[in-house]
Each structure stands twice: as structure tokens, then as C-alpha cells.
Amino acid sequence: MRQHLEDILLEVSCSSLIDAGDMHAVANLIISSILKGLRVKRAGIWLLDDDHQHIRCHMLVDEVYHHQANDLVLSKKDFPAYFSALELNRSIVANKAKTNSATSEFAEGYLASLNILSMLDCPIRHRGEMIGILCVESIGEQRDWQEDEQHFGASIAELYGRAISANQRNMYEEQLKRSNQQLERDVDKRTQRLQDSLDELKSMQDSLIESEKLAALGRLVAGISHEVNTPIGVAVTGNSHCQHIRQNLADDFEQNRLSKSKMQKYLDELDESINLVEANLNRAASLIHNFKQTAVDQNVIELTDLDLSAYISVVLSSLNPILKPYKVQLHYQPGDVVNMHSYPGAFAQILTNLVNNACTHAFEKGENNQINIGLATKGKDVILTFKDNGKGMDEETQKHLFEPFYTTNREGGGSGLGMSIIFNLVRNRLQGTIEVNSEIGQGTEVILTLPRDVKPDKV
């Protein structure tokens with residue numbers, strides 16, 4: 001190939017326009033390079049329709065008649081020989097365009113009117129398929145197209161095909177970019193909707209958990225009311241008996257029937273009644289105090305120092321109303337002082353929920369229902385064990401035990417929040433661990449391992 005053709009081809013192939021995807025700029029570059037390289041005055045780019053029944057002018061430059069055109073269309077039915085030549089996917093080399101078998105169909109109208117004597121049509125290929133031609137036309141001069149000129153034209157046409165690929169790639173990239181942006185917007189919207197739903201569910205869960213806590217307190221209130229009625233009733237009866245003795249004493253005194261023996265009898269009966277009243281009032285006061293302490297502690301979230309061993313006794317004494325209907329024997333022996341810096345309210349909630357959970361799920365209202373509570377220390381930790389001799393649980397139930405709203409006794413009023421509350425209090429509030437061991441028919445054991453000194457910055 002002649003040097004000037006190689007130089008032009010190199011310049012075009014290295015042009016940034018080829019891979020930029022601007023097809024109008026590329027068409028101008030291709031045509032101007034062909035006009036310069038092959039020293040002709042007329043050239044155009046023609047592209048086939050998808051059905052290959054028409055070929056349309058994409059851009060045409062004519063320096064003789066000084067005009068550009070891009071609205072010309074050739075139909076296969078009008079020029080069958082030319083389209084047949086195109087189907088060969090080879091360059092059409094027409095040195096004598098009027099007599100060449102491929103181009104002679106243009107002789108009368110097109111070639112004669114424009115004084116076109118020679119044509120060189122080079123195929124434009126994209127992805128291995130011919131999609132159009134680079135048409136070179138010699139006006140007023142017959143050309144014998146040399147082999148290097150044919151190679152030059154074919155190479156320039158191939159560069160146009162490369163530009164089409166770049167254009168499509170750029171369009172795909174732009175489409176992909178827009179799709180990704182739209183996807184990101186959709187993901188953001190869905191994420192926000194999910195977050196809103198999650199926040200709503202979290203709010204509902206918090207409300208249900210608070211309701212469950214209040215429900216547990218409600219059960220305590222009902223039970224403690226019943227428990228307090230008994231000693232108060234006995235105290236009222238004892239007080240009435242004291243009034244009756246006083247009245248008899250006054251009557252005997254006024255009628256001079258009061259002997260030393262009668263006086264001693266009245267005094268003995270008064271002492272007995274007063275002791276009975278005092279004992280039952282103290283019993284009622286203790287129940288109310290323990291219940292009040294437990295109820296208040298369950299809603300207090302402040303760190304404080306406490307003797308856990310003694311505190312457990314106080315909490316358990318307020319839980320008798322829950323245990324009584326199920327005839328549960330609760331075994332707990334307070335041991336040595338177990339000093340802790342922790343959240344007493346969390347312990348009150350945990351013990352209340354454990355006892356309530358055992359009564360609701362583990363026990364029938366029969367005999368020999370037992371709960372054993374143990375307390376031990378291990379280094380800087382406290383080990384609290386809670387074991388019942390109830391029904392026990394299978395592996396599937398244990399797997400879901402701490403999931404919110406999971407319950408095996410929904411028809412019996414179970415909310416599925418008791419063990420979830422315990423888990424969160426142990427792990428988050430008390431910064432400890434919880435382990436559950438159970439088998440069907442063998443009861444359930446809950447083991448809490450808790451630090452004696454809870455750090456507020458970890459809560």
C-alpha cells in the first residue's frame with residue numbers, strides 16, 4: 001500500500017473519534033479520509049435495513065456539486081442485480097460503472113446524470129455481518145481501482161464498523177448506568193420501606209413487651225390482693241374479738257361482777273387476740289412491701305448495689321400468688337451474701353417471667369409440681385439456676401425458645417414474649433449468658449451466668 005494511504009489509514013485508526021461513539025463525527029472522518037486517500041470527489045455511507053430489502057444513505061459528500069445528502073433510498077426490487085452483488089459480502093469493484101453487472105442498473109438515471117464513471121463499494125461489517133457499504137464514486141474520470149486502493153477502502157470501511165461497535169457499547173454502558181441508577185433508587189426506596197416497616201414492627205414489639213411486663217404485674221396484683229385479704233381478714237376478726245372482750249370486761253366492772261380470775265381470763269384472751277392481729281398485720285405488711293419492691297424494681301433501670309441472695313427471697317415471696325393455683329413447691333435456700341453491682345429490676349423481671357413461664361407451660365394444676373432455685377458464685381460471676389420438674393421441651397421448641405412471639409400455649413394465653421424478654425435482659429441488660437437444658441418428661445433447667453459488676457457503658 002502506498003505511503004500516503006498507510007498514513008491516512010493509521011491516522012484514522014488512531015483517532016479518538018472511532019471509539020468515542022459519535023457516529024456523525026465518525027462518518028465525516030471516514031468520508032473525508034476516503035476523498036483524500038483515493039483522490040475522488042464523491043463518497044457516501046449506505047446502511048442496509050434489517051430485512052436487507054433497502055439500503056439508505058447515512059451520509060454522502062459530493063465536492064463537485066457541493067452538496068451533502070442523507071435521504072436517498074435504494075430498493076432491492078428496483079435494483080436486484082446490485083443487491084445480489086451485495087449479498088456476496090465482497091467489495092464491488094466497478095471500473096466501468098455503466099457496464100459492470102452489479103452497477104449497470106444505475107446507468108440511465110443515476111450514473112449518467114452525475115457523470116459517474118467508476119464505483120468502488122466496500123462492505124461495512126459489524127459482528128461479522130455486512131450491514132452497509134462505503135461507496136466511492138469517481139466523477140468525470142474513469143478509475144482502474146488498484147489493489148492497494150481497494151484494501152484501503154475496505155480497511156476504512158472496517159473502521160466504521162468498529163465505530164458502530166463502540167457506539168453500541170457506549171449505549172449499553174449508558175443504559176447499564178441508568179439501569180444501575182434506577183436500581184439503586186429502587187433499592188433505596190425498598191430499603192427505606194423495609195426500614196420503616198422494621199421500625200414499626202420494633203415499636204409494636206416494644207409495646208407488646210411492655211404490655212407483657214404489665215400483664216405479669218397485673219397477675220401479681222390480682223394474686224397479692226387475694227393473699228393480703230386472708231391476714232387482713234383474720235386481723236379484722238381478731239380486732240372484733242378484742243372489742244367483744246372489752247365490752248364484757250366493761251359490763252362486769254359496772255355490775256361489780258369482775259373477779260380476779262375473770263380479769264386474768266379477759267387479759268389472756270386480749271393478749272391472744274392482740275398477738276393474732278399483730279402477726280397477721282405484719283404478714284400483710286410484708287406481702288405488700290415485697291410486692292411493692294418487686295413492682296417498683298421491675299420499672300427501675302438504674303444500677304445499684306444489692307445482696308442478690310436476699311433480694312431473690314424478697315422477689316419470690318411476692319410470687320406465691322402465681323404458684324398457689326398450680327400447687328407448686330418452691331425450694332430456695334438463701335446462702336451467704338452475694339454482693340452485686342447490677343440492675344435489681346432485671347432480676348425481678350427474670351424471676352417473675354421464669355416462674356410464670358413454668359406455671360403456664362411446664363405444670364398442670366396437679367400435685368408434686370416443684371421449682372428449685374440455686375445460687376452460686378464462680379470467680380467474678382454468679383451462677384443462678386432455675387429448674388422445674390414439668391413437661392420439658394423437645395428440640396424444635398428449644399430451637400425457637402427465645403424468638404419473640406413463639407409459644408406452644410397460645411390457646412392458653414401464652415404471648416411468646418416471656419423467654420424473649422428474659423434473653424434480652426440477660427444478654428443486654430445484665431451482660432451475661434443463658435443456657436437451657438430440657439427433655440420431654442424430664443423438666444427444664446435454665447442456667448444464668450452473670451457478672452457481679454455490670455458496666456454501665458456496655459448497656
Identify the heavy atoms of [X] and [Y] that sit nearest to each other, and give their distance.
{"X": "His4", "Y": "Gly37", "answer": "NE2-O, 3.2 Å"}
{"X": "Ser33", "Y": "Ile156", "answer": "CB-CD1, 4.5 Å"}
{"X": "Ile164", "Y": "Ile131", "answer": "CD1-CD1, 3.1 Å"}
{"X": "Val454", "Y": "Arg429", "answer": "CG1-O, 3.8 Å"}
{"X": "Ile34", "Y": "Gly153", "answer": "CD1-CA, 4.0 Å"}

Might you confirm whether atom [atom1] of [X] has over 12 heavy atoms from other residues, nucleotides or ligands at distances under 6.0 Å?
{"X": "Arg2", "atom1": "CZ", "answer": "yes"}
{"X": "Lys262", "atom1": "NZ", "answer": "yes"}
{"X": "His244", "atom1": "NE2", "answer": "no"}
{"X": "Asp50", "atom1": "CG", "answer": "no"}
{"X": "Glu439", "atom1": "CD", "answer": "no"}
{"X": "Arg178", "atom1": "CZ", "answer": "yes"}
{"X": "Asp51", "atom1": "CG", "answer": "yes"}

Is there side-chain contact between [X] and [Y], with heavy atoms separated by less than 4.5 Å?
{"X": "Leu323", "Y": "Cys359", "answer": "yes"}
{"X": "Val26", "Y": "Leu159", "answer": "no"}
{"X": "Thr377", "Y": "Arg452", "answer": "yes"}
{"X": "Phe363", "Y": "Asn389", "answer": "yes"}
{"X": "Phe386", "Y": "Ile350", "answer": "no"}
{"X": "Pro123", "Y": "Asn89", "answer": "no"}

Exam field: side chain [X] to backbone [Y], donor-acceptor pair closer than 3.5 Å:
{"X": "Gln398", "Y": "Ser438", "result": "yes"}
{"X": "Asp307", "Y": "Asn339", "result": "no"}
{"X": "Asn170", "Y": "Ala20", "result": "yes"}
{"X": "Asn167", "Y": "Ala163", "result": "no"}
{"X": "Gln431", "Y": "Pro451", "result": "no"}
{"X": "Tyr311", "Y": "Pro344", "result": "yes"}

**OP:** Starting from the C-alpha separation in whole Å, work towards a yes-or-no answer on side-chain contact (heavy atoms from CB on, under 4.5 Å) for Phe347 and Met340.
**Re:** CA-CA 12 Å; Phe347 285 105; Met340 296 188 73; 3.8 Å; yes
Original post:
When you look at Leu425 and Tyr343, which way does the side-chain contact (heavy atoms from CB on, under 4.5 Å) test go after all the steps?
Top reply: CA-CA 10 Å; Leu425 287 172; Tyr343 294 92; over 6 Å; no
**OP:** Apply side-chain contact (heavy atoms from CB on, under 4.5 Å) to Leu249 and Met263, showing your working.
**Re:** CA-CA 8 Å; Leu249 176 62; Met263 184 66 179; 3.6 Å; yes
Original post:
Between Arg185 and Gln182, is any side-chain donor less than 3.5 angstrom from a side-chain acceptor?
Top reply: yes
Subject >> Any side-chain donor near an acceptor of the partner, Glu184 and Asn180, under 3.5 Å >> reply: no
**OP:** For the pair Lys177 and Glu174, find out whether any cationic side-chain nitrogen is under 4.0 Å from an anionic carboxylate oxygen.
**Re:** no
Original post:
Does the pair Leu29 and Val12 meet the rule for a side-chain contact (heavy atoms from CB on, under 4.5 Å), with working shown?
Top reply: CA-CA 7 Å; Leu29 174 64; Val12 175; 4.1 Å; yes
Original post:
Should Asp196 and Gln192 be marked as a side-chain hydrogen bond (donor to acceptor under 3.5 Å, both in side chains) after you check the CA-CA gap, both sets of side-chain angles, and the distance that decides it?
Top reply: CA-CA 6 Å; Asp196 292 342; Gln192 186 59 49; 2.8 Å; yes
Original post:
CG of Leu354 to CD1 of Ile422: how many Å apart, nearest 0.5 Å?
Top reply: 3.5 Å
**OP:** Show the numbers, then the answer: is there a side-chain hydrogen bond (donor to acceptor under 3.5 Å, both in side chains) between Thr397 and Asp394?
**Re:** CA-CA 6 Å; Thr397 301; Asp394 56 25; 2.7 Å; yes
